Amino acid sequence: MDLTFSERELAFRDELRAWLAANDPGPEPAEEAAHYAWRRDFQRRLYEGGWAAVHWPPEHGGRGATLTESAIFFEELGRARAPLPANVLGILLGGPTPMVWGTDAQKDRFLGPILSGEEIWCQGFSEPDAGSDLAALKTRAVPDGDGWRVTGQKVWTSGAQYSKWCMLVARTDTEAAKHKGLTYFLMDMEQDAVQVRPLRQITGESEFNELFIEDAWIAGDCLVGGVGNGWKVALTTLMNERAGLAFFLQVRLRRLLDDLIGEAAARGLLQDDVVADRLGALHVKAEILRLTAYRGLTAIERYGQPGPEGSLTKWMWSEANQELAQVAADVLGPEALLQGTRWGYELMRARGNSIEGGTTEILKNIVAERVLGLPRAGRS
Ligand SMILES: Cc1cc2nc3c(=O)[nH]c(=O)nc-3n(C[C@H](O)[C@H](O)[C@H](O)COP(=O)(O)OP(=O)(O)OC[C@H]3O[C@@H](n4cnc5c(N)ncnc54)[C@H](O)[C@@H]3O)c2cc1C
């Protein structure tokens with residue numbers, strides 16, 4: 001693994017740094033609607049500056065950035081304390097899926113508005129009885145004239161309340177084996193047959209929602225990748241999920257840790273051996289995470305596809321972030337337990353880290369089976 005940047009990568013980083021310095025996103029609003037508006041505004045600025053999706057090919061409005069440049073992009077975003085763009089799911093997962101599986105007409109129709117943030121996308125995969133075991137999903141789509149009628153329920157749909165389009169996986173064949181009877185659609189959220197009910201989290205905000213879909217209409221040209229091919233198309237979406245985020249997450253962890261060290265210093269607690277020891281351990285974890293994220297990148301560059309490091313970094317990040325939030329609570333004392341405070345928010349939000357984007361148990365299964373070659377869970 002070579003951690004030195006090439007001339008081209010350094011030029012990319014410097015250009016981005018200069019742009020971010022001239023486009024300060026401003027302070028992060030605490031209130032949910034204002035926070036979302038802040039992220040949407042920042043995406044518009046990224047778009048106007050040509051930075052909305054650096055990893056997309058130039059013909060689709062990106063910069064054709066290499067993996068290392070994409071990693072630099074997320075690192076610099078984190079360093080500048082800039083938010084993830086409002087349409088992060090559209091940019092990271094949504095757009096790249098029709099790029100692989102979509103028709104030219106779909107690429108023309110959908111990619112531009114994702115980039116500009118004009119049309120926000122959400123991911124309608126999980127259901128009440130299908131999360132880790134996604135192929136068990138029951139939402140049903142049946143052909144109707146030149147389109148499809150869809151009925152079912154989705155849950156945990158992040159950002160659905162702001163979204164125009166939903167990446168929806170539905171069952172189109174109840175007779176076929178469970179992975180084979182699925183089809184991937186783009187569902188227009190702006191119809192009465194789709195009801196979005198925000199779920200209130202322990203933090204008080206509603207990042208995700210329930211979707212109640214009752215005979216919703218999907219036009220035939222919004223089917224992606226062919227009937228019965230939904231599992232493969234969904235895997236493309238999922239594979240893109242962690243690719244860039246690992247870098248943003250490791251930088252976010254570093255930033256939080258630096259802030260926490262500052263809080264501890266301000267309270268004279270760096271002299272306390274127990275506190276110093278716990279902060280030191282977190283520093284080591286943050287460094288391991290950074291280097292593992294780079295190792296994953298090297299694997300993709302060498303073998304052309306993500307290695308198991310993706311699961312490892314997500315698992316390590318969630319554990320480290322939860323530990324950090326707990327150390328913060330111990331350092332700050334009762335102050336960290338108050339709602340509406342930064343560290344109180346971190347403590348509560350961190351609970352979901354080991355569930356979102358793949359639970360820790362599932363990630364451990366992946367590492368056990370695909371890295372260590374242990375027998376598959378529940379099977380002899
Ligand atoms: C903040 C957040 C945002 C999310 N956003 C979205 C989104 O936008 N779109 C979307 O589709 N989904 C989203 N999700 C859903 C997320 O992908 C699922 O919660 C996750 O896949 C787990 O599914 P589940 O909740 O149904 O739990 P289950 O799969 O029911 O799991 C329950 C428990 O059993 C364990 N378990 C299950 N199977 C196994 C096994 N084989 N071996 C060992 N243990 C096992 C799990 O680890 C877990 O602890 C989001 C979740 C969170 C927390």
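Numbering of ligands and ligand atoms starts at 1, following listing order. Quick caveat: nothing in here was measured; it's all calculated off a predicted structure. Below, all heavy atoms of this structure are taken into account, side chains as well, without hydrogens, waters or symmetry copies.
Residue pairs that meet the side-chain hydrogen bond (donor to acceptor under 3.5 Å, both in side chains) test with at least one member in residues 47-57, sequence neighbours left out, are R44-E48.
A donor-acceptor pair shorter than 3.5 Å can be found between the side chains of T237 and T97. In summary, the side chains of H283 and R254 do present a donor paired with an acceptor at a separation below 3.5 Å, with no hydrogens or angles considered.
When only interatomic distances are considered, the shortest N/O to N/O separation between T157 and ligand 1 does not fall below 3.5 Å. Checking only distances, E361 does come within under 3.5 Å of ligand 1, N or O to N or O. Residue contacts with ligand 1: S132 is placed with a nitrogen or oxygen under 3.5 Å of a nitrogen or oxygen of the ligand (distance criterion only). Annotation: N365 places an N or O atom under 3.5 Å from an N or O atom of ligand 1; distance criterion only.
Summarising the contacts of atom 19 (O) of ligand 1 with F208, W156, F125, the nearest heavy atom is found in W156. When Q201, E207, R349 are ranked by how near their heavy atoms come to atom 1 (C) of ligand 1, first place goes to R349.
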From CA spacing to verdict: side chain to side chain donor-acceptor pair (under 3.5 Å), T236, Y184: CA-CA 11 Å; T236 302; Y184 194 105; over 6 Å; no
Intermediate values then yes/no, salt bridge (charged side-chain N to carboxylate O under 4.0 Å, His left out), R63 and E69: CA-CA 10 Å; R63 287 186 175 235; E69 286 165 348; over 6 Å; no
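Near I362, the atoms of ligand 1 lying under 4.0 angstrom from a non-hydrogen atom of the residue are 38 (N), 39 (C), 40 (C), 41 (N). If you number the atoms of ligand 1 from 1 as listed, the ones under 4.0 Å from a heavy atom of T359 come out as 22 (C), 46 (C), 47 (O). Annotation for ligand 1: atoms under 4.0 Å from non-hydrogen atoms of S158 are 3 (C), 4 (C), 5 (N), 6 (C), 7 (C), 8 (O). Atoms of ligand 1 lying under 4.0 Å from at least one heavy atom of I355, given by number and element, are 19 (O), 20 (C), 53 (C).
Under the 4.5 Å side-chain criterion, counting only non-hydrogen atoms from C-beta, W19 is in contact with R45.
The 12-atom threshold is exceeded at CG of L338, counting heavy atoms of other residues, nucleotides or ligands nearer than 6.0 Å.
Between the T151 side chain and the D215 main chain, a donor and an acceptor come within less than 3.5 Å of each other.
Here T360 has no heavy atoms under 4.0 Å from ligand 1, in either its backbone or its side chain.
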